[in-house]
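Accompanying notes for the structure given below.
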Amino acid sequence: AGTLDDVKARGKLNCGVTTGLVGFAAPNANGEWEGFDVAVCRAVAAATLGDSTAVEFVPTTGKTRFTALASGEIDMLARNTTWTFSRDVDLKFEFTGVNYYDGQGFMVPKDLGVSSAKELDGATVCIQTGTTTELNLADFFRSNNISYEPVPIETNAEAQQQYLAGACDVYTTDASGLAATRATFDDPAGHVLLPEIISKEPLGPLVRHGDNEWGDVVRWTLNALITAEELGVTSANLAEMSAGTNNPEINRLLGTEGTLGEMLGLSADWAKNAIAAGGNYGEVFAKNIGEDTPIGLARGLNAQWTEGGLLYSPPFR
Amino acid sequence: MTGTSQMQVSDKVAITIDGMNKWYGSFHVLRDINLTVYEGERIVICGPSGSGKSTLIRCINALEEHQQGSITVDGTLLSSDLKNIDKIRSEVGMCFQHFNLFPHLTILENCTLAPIWVRKTPKKEAEERAMHFLEKVKIPDQANKFPGQLSGGQQQRVAIARSLCMMPRIMLFDEPTSALDPEMIKEVLDTMIELAEEGMTMLCVTHEMGFARQVANRVIFMDAGQIVEQNEPEAFFNNPQSERTQLFLSQILGH
Amino acid sequence: MTGTSQMQVSDKVAITIDGMNKWYGSFHVLRDINLTVYEGERIVICGPSGSGKSTLIRCINALEEHQQGSITVDGTLLSSDLKNIDKIRSEVGMCFQHFNLFPHLTILENCTLAPIWVRKTPKKEAEERAMHFLEKVKIPDQANKFPGQLSGGQQQRVAIARSLCMMPRIMLFDEPTSALDPEMIKEVLDTMIELAEEGMTMLCVTHEMGFARQVANRVIFMDAGQIVEQNEPEAFFNNPQSERTQLFLSQILGH
Amino acid sequence: MSDKTTNPIAFVAEGTIPPSPPPANETGVVKWLRENLFSSIPNGILTLVALTLIYMILQNTVPWLVNGVWTTNSLNECREVLDGKVGACFSVLTERWHQLLYGFKYPAEFYWRPNLALVLLLVAIAPVLFFDLPRKMLIFTALYPFIAFWLIWGGTIMAPILALLGFIVGGVVFQIYGRGSFAAGFFGGIAAALIIWWLGSLLIPEGASDNAMLPAVPSRDLGGFMLNLMLGVTCVSLSLPLGIALALGRQSDMPLIKWICVVFIEFVRGVPLITLLFVASVMLAYFFPPDATVDLFLRVVIMITMFSAAYIAEVIRGGLAALPKGQYEAADSLGLDYPQAMRLIILPQALKISIPGIVNVAVGLFKDTTLVSVISMFDLVGMIRGPILASTEWNGVYWELLGFAAALFFVVCYGISQYSQWLERRLATDHR
Amino acid sequence: MLINDTRYRSLTFQAIAALLLALSIWYLGNNLIQNLRAAGLNISYDFLGNPAGYDINQRLVEYDNQDSHGRAALVGVLNTLLVAFLACVTATIFGVIAGVLRLSNNWLVSKLMAVYVEIFRNIPVLIWIIIIFTIMTAVLPGPRAFRGDNPDSTMLLDLFAFTNRGVYIPMPWFESGLFASTALNWVLVLAVLIGSLFVTRRIETWATAKQEATGVRPKTLLMVLGVWLVPFILLMLIMGLTWEVPALKGFNFQGGIKIGGPLIALWFALSIYTGAFIAENVRAGIQAISKGQTEAAAALGLRPGRIMNLVILPQALRVIIPPLISQYLNITKNSSLAIAVGYADITATLGGITLNQTGRAIECVLLLMLFYLTASLVISMVMNIYNASVKLKER
Ligand SMILES: Nc1ncnc2c1ncn2[C@@H]1O[C@H](COP(=O)(O)OP(=O)(O)OP(=O)(O)O)[C@@H](O)[C@H]1O
Ligand SMILES: Nc1ncnc2c1ncn2[C@@H]1O[C@H](COP(=O)(O)OP(=O)(O)OP(=O)(O)O)[C@@H](O)[C@H]1O
Ligand SMILES: [Mg+2]
Ligand SMILES: [Mg+2]
């Protein structure tokens, strides 16, 4: 049976997330998972099952994530995982889109007086291992012909401790993570993010190869969130709009027109449920990692294409 | 005295050993043993150390396998069939030099264990019988102690009682007194003599020549895995035939 | 027999113990011990268990400290001066109840260890001497075995040979036979008697009264940390003066 | 003979010399100090070094402990309260107390369940640890796993009852047929239990756990120190029978069985636990049928159980080897068959000898349960390294948390090792 | 029935066992094949030849990010062996000192050692590794603290720098080496040292022979010292030994030898943790030698030092060494916790980043197990050889 049927039969979605990265996926003081990646899981659960809480969050590490997905322990992986050729092709996974365009950056203490990553010759670099960080770093220093000393650390908390204690000069991980980390410092102003972004890190949810129905569900749920923002559908006006509007695309999206839900094998109001779970893409972003949160990320690349960003959902028709 | 004991010997055969040979690896320990034991007979086996006495009686209750010849106990042929082995073992009681009591069980439990699990005797009955035999070996009051709390002589008597509780028709003793202090030897020998008087078939490896004279119907002398000589005690001690026996007796009695 | 042995006693004093007292914590083990041992004397010390016999002879070669009084061995006063202690220890041989052979060394190495490292004897000489003493205790053929391969009696004889290799003028024996089987006791006692006949000064804690009668010049009876009675063996055994001694002897000889 | 030699020798004491108190320099504080601290110059130096060391440690830790802050809600507040003083922020412990003990997902209203299970555990384990307690209590010990399972995981009460029923029926079948032949009883028992479980699982209605007395809690929601304790207790108790089987197998004279056991034991002992945990987390899933997802907790339990079973097997093998051969022969000569001899004679003695060793393995294993944090399970260490240190409020409080974890483990492990020492002393004197 | 016949009984059981074994292997293997096929994966070790793409800071052989995963694994293996070896040495030192001191008649010291043993034995090694790593980074200064005119920290004797990135010590090198290649120069030094060792052995045999002949052992201490020092110093002078002293340059100290922070933390944590266990073994070993042995030796007139050397130690070692070797085994296995501090051992390279990047979980974990199994088999082989060689002879 396909994954979609499994999920429906089970009544729960098993969603793989990271073991804890504030803003993207981390349990809060009450033990509830929250964050940007978590919201994707919830949206998919809402779309398929009509219940955004019907999610079992499975924490995975950099090592266990692929096995967990390949062996069927989880239905989808919504963890900061970079979409790369070999993962898509060689490891036989299917990336269903990009929910966050990231890039690897550097953070240094201000008093080090460094203003560009190219000045980092001979520096000691703390790396949070787990995604493609080590490889990008090696490529960057190699192509600039400068040397460095890597200190690979498993968890963000420990890497941060090393960095603050001066055991390394630079901390590198995805720029979003750097911002999130800096936000928790005693003295955030004492640290700067260097301008260089040394890699493209399109992060997105992925599923197993070969189950295209399920892949479609995840892909279009993500697209629904993005399109909703583009079309101005928010959790505030969702009820009103789902009564029917004069924009046919909104109507198709929210299931008042056409049979998109049926085609996916879902109910007609699948997208409405997905949006109701946490709002549209913009709302999810603002709530979890936006500028008003301690993490304080600007939309940047992740703005809608209409606003100069890269978010561009294919049309719902 | 020898007279009285011989009277109890019947014509029924208890054990027949026929052309038995045994090897440990390539070492030939028992050579061509032929022996017939009648019911009620008391046999004492003696011989120098390493001559195969222990091995012989351990073969009889299948603690060791033999490679050639046959052993028949009470009509049952000892073969590799486990059923037969079990049958023989429950007919034959054995009493070791080092007692081998079970230290984690009380005296009473030591005595009732095998009847309960092997003979499937109800517990109450097993206990009554155990007390009976403990009285016979004169230590009923120790029934609830642990073996570690008894003296060596008492332990050996418990070991005898334990075997008796299985109601064996034949008892094997392997140097039952040699791990004991002189004063305790007497206690144990007395118990054995009493058993002998009741007509139990007994094979006993021992160097207590006093005991042999008093109770044995027959004394067997072994050397280098062979039965060298066997005879009635009087004749055996007073008039040994083979040179080897004479030498051995001179050493043993000379002490 | 007593005659021959007494003849070898000289007037020279070997050990003087003068008003010695010893405490273990607040337990008064040795009380006011006064003892003079002449060269060539053989003294047997006996007494009930816990009376302080072992402690007394262990004080003599400084295995235990004493707190009051003085001990002089061969003219050397035993004090906390390490030099003196070393001197005394190399004059005094000691033989323990449990042999205390070194299990990782062969018999020969056991015997040559101290001569080589303490007396600085050349190895060859030490080995020759060791063989000499091993012959004396009648086990020269075991020289290259390890202690674990010998019987108890043999081990005890090695222990004696080991002490003798240091050519001590005085030998202390602490119940040298009580860990042995009866037949091995004889071996060891024979060895000791031979030593005694050569005129070695000996202090021996033992309950072998036969030995005491045969070789001792003097028997000392201790009780509760005190020397209660001392006398020649004949007088001591036949006519003990103190009540305590009589009681003790009646028990020991009654066996 | 001559007067000269005999006369000075003869001596009879007139009376007993009363014991007198030892000389003054043999008692008192001064003596104790002299003997125990300053008996020689090197010893005196050692004492001084030790004293300095102790002083240095205290000097650094005491103010930190004494100035500790217990009542703030985040590290920043705590720093404000401390205001530059040296002091600990113990408030992380008070604020995250429940998370440290139960993980972040175990429903707060059900904390009483694991608590009760822990209390009952103490009751259940008591008769195993202290032989003097009435043997009847072992009945409760046998029931405990089912009770504890139900308490912690909840769900329908039918599941544990069914499991128990299976065991009981299996046991009864074994009793009946085992009298005749052990093999018949053994396999019959297993078959009977399997049948009961299969039948029962058909009978339990789908979704029975939804409105059960105790709502179900998935094992992924377990965490904190509770997870360490559970892993420790479960794995040790499961590995005991497996360890016994392996030890007997290794002693067996059937070459194939012996070699299977030897290879298993040596293999498991040669590989670090963490590698086995990797196997559990990244490899084991491939060995199960595609549709059967075995949850991570169970996979980890399987791995740790195998790990400790290998060690326990070695301990028990030592115990078996320590038994004199005469015990086996005596059992044989009484006509007991192999299973009877093992169950009645050999194992009771061998296990008793092995208990201290088993306790040591158990302590080691309990400590090793912290390694599950490496494979993304939120045990005590995992909670600290993961959610708590990663949270915005408590990012940066290492000492308090690590110290707390260390203290917690120390108390438990030290307690157990004291017990094992007590036991060793006791076994040494038992029955003389 | 077959089962009742002693001859066939064991065969029957073994046949059943073989059947069960084969069945379960077939079952597991079949599942594996099915699952892999379903996921479209296959078992292949080709990835070992592909470029690894990541850097490793601690390495004993040449390596850079263009080298293969296989070579990265080799770097990891060597790092594991390095930290295991270092930790074995220091753990033994800690353990022996603590074990002997625990038997000291100094009350305070013996209690202190008891506290050390109990504290370290009863807290998980993972917690110790993390604590010690944290202490190191928090307590030791960063290189930044050495900067400025009036720095917070200074170098010890201007030669050693203790920072939270690691310890920097001067590195010796030769100005006028006898050979062009540095390696050959070092080989020369090694050769001289081995020569000294050889001569020392000769001196010892000579002393023993002399003792055997005359009974008096000649004093060899001065001679031995001379044999070690004179040629060595001469060689150093000839080759122009100079020290490259670490100095703060750029972001870090440069020059000298660097011992990385993670290595130190792991090394120290493993040593002090295992040291507590070894201390117990040592104590037990010494106590296992009965008091009678000491007394017998004393009664023969041997001095305390000699008693220790000739009687107690040779016996105690037999008791101590087998558990000691299994502690070495534990160190090797526990060194896999390196991932907690970012030390690049085999578990961190092959079982960490490589696995992570290639997703080849099965292959990596199998290789990992193979390595540890080999290591532990080698160690236990050594132990068995030792045990056999020192077994006391008994009858
Ligand atoms: N398991 C065994 N393997 C090999 N040889 C053995 C074994 N058991 C005994 N033997 C050898 O078999 C011979 C006979 O042994 P057995 O124990 O029967 O002698 P014994 O007459 O009882 O001697 P003892 O009076 O010393 O008890 C001896 O030479 C012994 O070394
Ligand atoms: N190290 C010690 N500490 C305290 N008391 C001791 C010590 N050694 C011996 N004692 C006590 O000193 C007393 C004398 O002991 P000692 O060994 O000298 O007796 P003994 O006469 O040799 O007895 P036995 O015949 O049993 O060997 C005994 O009561 C004993 O308990
Ligand atoms: Mg025999
Ligand atoms: Mg004594």
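So you know, we letter chains A, B, ... as the sequences are listed, proteins then strands, and number each from 1.
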Give, as side chain, backbone, both or neither, the part of [X] having an atom under 4.5 angstrom from any heavy atom of chain E.
X         : answer
Phe410(D) : both
Ile416(D) : neither
Val271(D) : both
Ser417(D) : side chain
Ile260(D) : side chain
Ser373(D) : side chain
Leu53(D)  : side chain

Give, for atom [atom1] of [X] and atom [atom2] of [Y], the distance between the pair rounded to the nearest 0.5 Å.
X         : Y         : atom1 : atom2 : result
Cys413(D) : Glu118(E) : SG    : CD    : 10.5 Å
Ile16(E)  : Leu256(D) : CD1   : CG    : 11.5 Å
Phe287(D) : Leu28(E)  : CZ    : CG    : 6.5 Å
Thr47(D)  : Asn106(E) : OG1   : CG    : 3.5 Å
Thr275(D) : Phe371(E) : OG1   : CZ    : 10.0 Å
Ile274(D) : Lys333(E) : CD1   : NZ    : 12.5 Å

**Message:** Within the 4.5 Å heavy-atom criterion, are Val381(D) and Pro124(E) side-chain neighbours or not?
**Reply:**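 Not in contact.
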
**Item:** Flag side-chain contact, heavy atom, 4.5 Å: Asn122(E) against Val411(D)
**Value:**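 Side-chain contact under 4.5 Å: no.
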
**Asked** Relative to chain D, which of Leu329(E), Val125(E), Ile130(E), Leu101(E) shows the most heavy atom pairs under 4.5 Å?
**Response**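 Among the listed options, the one with the most contacts to chain D is Ile130(E).
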
**Asked** Taking every heavy-atom pair that is under 4.5 Å apart, which of Asn334(E), Ile135(E), Asn30(E) has the most such pairs with chain D?
**Response**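 Most heavy-atom pairs within the cutoff with chain D belong to Ile135(E).
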
Considering residues, nucleotides and ligands other than [X], do more than 12 of their heavy atoms fall under 6.0 Å from its [atom1]?
X         : atom1 : result
Tyr419(D) : OH    : yes
Trp259(D) : CH2   : no
Phe120(E) : CZ    : yes

**Segment of Ala340(E) engaging chain D (4.5 angstrom heavy-atom cut-off)** =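 Both parts, backbone and side chain.
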
**Request:** Counting only heavy atoms closer than 4.5 Å, note whether Thr332(E) contacts chain D via side chain, backbone, both or neither.
**Result:**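 Answer is neither: Thr332(E) stays 4.5 Å or more from chain D.
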
**Request:** Find the one option among Trp399(D), Phe267(D), Phe278(D), Phe366(D) whose heavy-atom pairs under 4.5 Å with chain E are most numerous.
**Result:**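 Sorted descending by pairs with chain E, the first entry is Trp399(D).
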
**Request:** Count the heavy-atom pairs under 4.5 Å between each of Gly403(D), Gly364(D), Ala407(D), Pro255(D) and chain E, then report the option with the highest count.
**Result:**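 The answer is Pro255(D).
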
Might you point out which heavy atoms bring [X] and [Y] nearest each other, and give the distance in Å?
X         : Y         : value
Leu108(E) : Ala50(D)  : CD2-CB, 3.8 Å
Met283(D) : Ile362(E) : CG-CG1, 3.7 Å
Ser336(E) : Pro272(D) : OG-CB, 3.6 Å
Thr370(D) : Leu126(E) : O-CD2, 3.5 Å

**Prompt:** Is a side-chain N or O of Asn35(E) found less than 3.5 angstrom from the main chain of Phe288(D), in a donor-acceptor match?
**Reply:**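 Yes, because the side chain of Asn35(E) sits within donor-acceptor range (under 3.5 Å) of the backbone of Phe288(D).
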
**Asked** Sub-3.5 Å donor-acceptor pair from the side chain of Lys367(D) to the main-chain atoms of Arg121(E), do we have one?
**Response**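 Judged by distance alone, yes, a pair lies under 3.5 Å.
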
